Number of protein chains: 2
Amino acid sequence: MESLVSNIQIQVQDSLFVKDPQSSDLGKKIIKGSIELICELGFEQFTFKKLAVKISSTEASVYRYFESKNMVLLYLSNWYWSWLEYRIVFTITNLPSAEDQLLKAVHLLTEQVNEDGNFEHINEIKLHQIVVSESLKSYLSKDVDSKNEGGAFVPYKNLVERITQLILQINPQFKYPHMLISTVIEGAHLQRHFATHLPRLTDIIEGEDAVTEFYSQIVFKAIQ
Amino acid sequence: MESLVSNIQIQVQDSLFVKDPQSSDLGKKIIKGSIELICELGFEQFTFKKLAVKISSTEASVYRYFESKNMVLLYLSNWYWSWLEYRIVFTITNLPSAEDQLLKAVHLLTEQVNEDGNFEHINEIKLHQIVVSESLKSYLSKDVDSKNEGGAFVPYKNLVERITQLILQINPQFKYPHMLISTVIEGAHLQRHFATHLPRLTDIIEGEDAVTEFYSQIVFKAIQ
DNA sequence: TATTATTGATAGTTTTACTATCAATTTTGC
DNA sequence: GCAAAATTGATAGTAAAACTATCAATAATA
């Protein structure tokens with residue numbers, strides 16, 4: 001997966017930003033700095049003031065790119081979902097059977113990201129950690145409905161829909177494909193979070209990726 | 001389930017409050033008001049100032065009971081988990097088989113709460129909604145480790161452990177019981193949240209509790 | 001009745017989440 | 001290469017949140 005994305009760019013809907021952060025140096029520094037700071041401090045402790053100091057800019061300048069830190073989180077999440085969908089499509093396109101495709105997709109949905117370096121201003125490993133620990137907060141906030149109307153969750157829905165179609169190819173009768181996939185995605189994130197912070201809520205097995213193994217089993221048992 | 005709890009009280013660990021809110025009228029008003037306000041405004045918009053106005057008290061008085069609004073959320077979550085574990089134990093104790101017990105437990109873990117009235121100061125329906133939409137934020141905050149050391153997640157872990165033991169009774173070889181149960185609990189909450197706000201991420205079926213149905217199937221297929 | 005605990009009232013601090021203004025600098029169009 | 005336009009930085013300011021501190025009034029208790 002190293003060199004395949006060397007000249008593609010992930011586009012994020014323009015309703016999420018005031019000015020496209022991928023269109024300028026400062027914008028890219030805002031993205032890069034946000035990823036590092038949110039990862040380091042957590043979303044609650046992350047502020048535009050701290051970000052501005054980190055990237056040697058000013059609060060006012062950051063506000064010229066993003067309306068609020070919530071929008072930054074949405075931007076980062078959506079970038080991640082688009083990137084993940086791209087990787088899934090790229091990876092499974094030539095696989096022979098729908099089963100193989102689904103298995104591979106579930107792997108990509110649930111595995112730990114440990115590659116970086118395809119995008120200068122985005123550390124994919126840290127971004128994955130942010131999505132694991134912070135992205136749910138966007139859905140769980142009270143303004144989820146207005147954000148949703150503004151299209152804030154489209155990439156996520158697209159991803160879920162794409163895997164849903166794979167499932168329905170295998171078993172057109174299965175009644176809960178969306179539920180299954182969103183359970184797998186969010187469940188895998190939570191389990192990774194629990195593995196680090198609340199191990200008694202999960203089952204960590206030495207030398208094996210229990211999260212991916214578990215959810216792969218769940219998916220195939222569920223749809224049969 | 002109506003009258004069985006008429007004179008029991010759910011105890012919450014005293015590390016979560018400064019002064020036990022169940023020990024005074026003001027304390028109970030704080031709990032009652034918090035449940036209503038968090039439900040209405042969402043956790044982010046909920047403040048001690050607004051709460052104080054609502055219950056005709058003062059900010060300073062609220063702080064005499066709780067260190068912060070995060071502690072209130074933890075208190076409410078833990079009250080809920082203890083209450084739920086109590087209901088599960090009470091309900092399944094006399095069921096003949098471990099399978100019946102597990103099935104019933106999964107129902108209680110995943111169903112919508114629609115009874116109220118066992119506790120004067122706690123609206124169980126609204127509390128359930130809070131747990132669905134807000135409780136994850138306690139695990140997902142950066143201070144999860146220090147909270148965990150202080151025992152903030154003990155009731156939740158106990159609940160997961162209890163159902164884990166049920167699963168292991170049925171299949172002692174099953175490798176991922178904790179993962180399965182925490183996936184079911186949090187998954188069910190998320191699906192209920194999605195059903196209201198992001199329906200394209202779930203599968204709502206007219207006249208049927210798809211959430212409970214889905215997770216019951218998942219559990220029994222997974223452990224076989 | 002004296003003591004203690006509880007609550008209310010008020011005030012104050014620091015930080016966050018913004019908005020506004022203006023000058024300096026860089027980019028772009030011609 | 002120069003004028004106009006856009007971008008950024010610097011600074012200042014506001015409103016609300018998240019506390020802490022103090023003191024008086026009231027209620028509980030010994």
Side-chain angles (χ1 to χ4, degrees), chain A residues 14-34 37-38 40-76 121 134 137-138 141-143 146-147 150, chain B residues 14-34 37-38 40-76 121 134 137-138 141-143 146-147 150:
Chain A
D14 57 14
S15 61
L16 299 186
F17 48 74
V18 182
K19 177 171 156 51
D20 186 354
Q22 299 201 102
S23 72
S24 73
D25 276 2
L26 180 59
K28 287 176 189 163
K29 275 163 72 182
I30 288 172
I31 296 303
K32 188 166 190 280
S34 294
L37 258 191
I38 294 175
E40 182 186 333
L41 305 176
F43 186 64
E44 282 72 27
Q45 296 306 309
F46 167 75
T47 69
F48 279 1
K49 179 78 198 144
K50 292 173 187 168
L51 174 62
V53 170
K54 184 183 172 78
I55 65 175
S56 306
S57 179
T58 63
E59 234 183 319
S61 294
V62 176
Y63 275 103
R64 288 183 185 115
Y65 285 83
F66 289 103
E67 214 172 293
S68 67
K69 67 175 187 171
N70 291 288
M71 287 297 151
V72 174
L73 182 58
L74 266 177
Y75 179 94
L76 295 178
H121 62 302
E134 316 288 352
K137 293 168 188 169
S138 292
S141 81
K142 209 66 183 181
D143 55 356
S146 58
K147 282 178 182 167
Chain B
D14 55 14
S15 61
L16 299 186
F17 47 75
V18 182
K19 177 169 156 50
D20 186 355
Q22 301 202 98
S23 71
S24 73
D25 276 4
L26 179 59
K28 287 176 189 162
K29 275 163 72 182
I30 288 172
I31 296 302
K32 188 166 191 280
S34 293
L37 258 191
I38 294 175
E40 182 186 334
L41 305 176
F43 185 65
E44 282 72 27
Q45 297 305 310
F46 167 75
T47 69
F48 279 1
K49 179 79 200 145
K50 291 173 187 167
L51 173 62
V53 170
K54 184 183 173 77
I55 64 176
S56 306
S57 179
T58 62
E59 233 184 319
S61 294
V62 177
Y63 275 103
R64 287 180 185 117
Y65 284 83
F66 288 103
E67 214 173 292
S68 67
K69 69 175 185 169
N70 290 288
M71 287 296 151
V72 173
L73 182 58
L74 267 177
Y75 179 95
L76 295 177
H121 63 300
E134 315 288 352
K137 294 168 188 169
S138 293
S141 81
K142 209 65 182 180
D143 55 355
S146 59
K147 282 177 181 165

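Residue numbers begin at 1 in each chain, while the letters A, B, ... track the order of the sequences. Keep in mind that what you see is a predicted model, and the values were worked out from it rather than measured.
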Contacts of Ser15(B) meeting side-chain contact (heavy atoms from CB on, under 4.5 Å) (sequence neighbours excluded), chain-then-number -> Gln13(B)
NA contact type, Phe66(B), heavy-atom cut-off 4.0 Å: base, sugar-phosphate, or nothing? nothing
Can you give one letter per nucleotide of nucleotides 11-30 of chain D, going 5' to 3': B for a protein heavy atom under 4.0 Å from the base, S for sugar-phosphate only, - for none? B-----SBBBBB--------
For Glu59(B), enumerate each residue passing the side chain to side chain donor-acceptor pair (under 3.5 Å) test, keeping only those at least two apart in sequence or located in another chain. none
Residues forming a side-chain contact (heavy atoms from CB on, under 4.5 Å) with Lys29(A), sequence neighbours excluded: Ile55(A)
Please determine if a side-chain N or O atom of Tyr65(A) lies less than 4.0 Å away from the OP1 or OP2 oxygen of dT8(D). yes
Name each donor-acceptor pair under 3.5 Å that joins a side chain in residues 65-73 of chain B to protein atoms two or more places apart or in another chain, with its distance.
from	atom 1	to	atom 2	distance (Å)
Tyr65(B)	OH	Ser24(B)	OG	2.5
Ser68(B)	OG	Asn70(B)	N	3.4
Ser68(B)	OG	Met71(B)	N	3.4
Lys69(B)	NZ	Phe43(B)	O	2.9
Lys69(B)	NZ	Glu44(B)	O	3.1
Lys69(B)	NZ	Phe46(B)	O	3.0

Non-neighbouring partners of Lys54(B) that pass salt bridge (Lys or Arg N to Asp or Glu O under 4.0 Å), sequence neighbours left out: Glu36(B)
Check whether any side-chain heavy atom of Pro21(A) lies under 4.5 Å from a side-chain heavy atom of Ile30(A), and answer yes or no. no
Looking at residues 15-29 of chain B, who's got a heavy atom less than 4.0 Å off DNA chain C? Lys19(B), Ser24(B), Leu26(B)
Taking only residues two or more places apart in sequence, or in another chain, which ones meet Thr58(A) in a side chain to side chain donor-acceptor pair (under 3.5 Å)? Ser61(A)
Hits for salt bridge (Lys or Arg N to Asp or Glu O under 4.0 Å) against Asp20(B), two or more places apart or cross-chain, chain-then-number order -> none
